[in-house]
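This is a predicted model, so every value here is computed, not measured.
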Amino acid sequence: MSIIVRYGRDEVACNVTRNPSLSDRIRIHVQPNGDVEIEAPEDEPIAKIRVAAQKRARWMHRHQTSAKAARSCVVPREFVSGESHFYLGRRHKLIVIEDSKSPSGVKLLRGRIQVTLPVADPAAIKRRLRSWYAKRATDYLGRKLEETADRISWVSSSPKFKLVRMQTQWGSCSPEGSILLNPALIRVPRHCIEYVITHELCHLREHNHSKRFYQLLDRSVPNWRSTKAELDALAELVLAGEL
């Protein structure tokens, strides 16, 4: 269900979901795309949810405005030489080389992503970059998942994982214990990737966002709040570069 919160002359639409694991708390999240999500206990009266949301109207409005401003500054990709593309948190300049005699492919060379192909067609460049990023994501994220799982006491073996494109999430954990990771993670800094993976591994023990879950996350990644803030700030810029 949805509710509307007013801030001055503006209205903030909020999507409300019920979370049985929340005993007495109402959680409010502003997603990187500006959507407002409210988690509330299963039996929480809607009137109480409205009051709690209204008290944070200013905070929601400020963060939603910032998210929309970030989105408006994102320039659509044209897949031409000179563009910046993220890889593991660093900007890399795209260099397109048109060469009918050399093998087609993508290479990472000293801060540049070099694409070689017979004809510099943007659609072809996009396809080659998509394939390159997908392979890098599969290799790096799979290895990082295994390394992180090995360090966590409650994980007996590395869980199954799959890359799934998601518009507003970096990862998720299925009820069966499979980890889903957004391939766009290959574009963000390494410590942000470790945070997302650890977050999902915590769900293997606490499959919710209860107080116990956050206690577990606090012990596993003490500075996760600042890392999450960094990741949220990057989201619109990075996800806009998804292929």
Original post:
Going hydrophobic residue to hydrophobic residue with side-chain gaps under 4.5 angstrom, can you get from V51 over to I46?
Top reply: no
Original post:
Is the number of heavy atoms from other residues, nucleotides or ligands under 6.0 Å of R27 CZ greater than 12?
Top reply: yes
Original post:
Any donor and acceptor pair, going by atom type alone, linking the side chain of E83 with main-chain N or O of F79 inside 3.5 Å?
Top reply: yes
Original post:
Counting only heavy atoms not in R112, do more than 12 sit closer than 6.0 Å to its CZ atom?
Top reply: yes
**OP:** State, with a plain yes or no, whether a side-chain heavy atom of F161 is found less than 4.5 Å away from one of I197.
**Re:** no
Original post:
Pick from L108, V188, L185, I186: which one makes a side chain to side chain contact (heavy atoms under 4.5 Å, CB included) with L88?
Top reply: I186
**OP:** Using a strict 4.0 Å threshold on nitrogen-to-oxygen distance, state whether R143 and E146 make a salt bridge.
**Re:** no
Original post:
Is the side chain of S81 donor-acceptor paired with the backbone N or O of V96 at a distance under 3.5 Å, no angle test?
Top reply: yes
**OP:** Establish, yes or no, whether a centroid distance under 6.0 Å links the rings of H63 and H29.
**Re:** no
Original post:
H85 pairs by side chain to side chain contact (heavy atoms under 4.5 Å, CB included) with which of R77, R90, K93?
Top reply: R77
Subject >> Within 6.0 Å of NZ in K144, more than 12 heavy atoms from elsewhere >> reply: yes
Original post:
Name the one of I49, I38, D43 that satisfies side chain to side chain contact (heavy atoms under 4.5 Å, CB included) with R18?
Top reply: I49
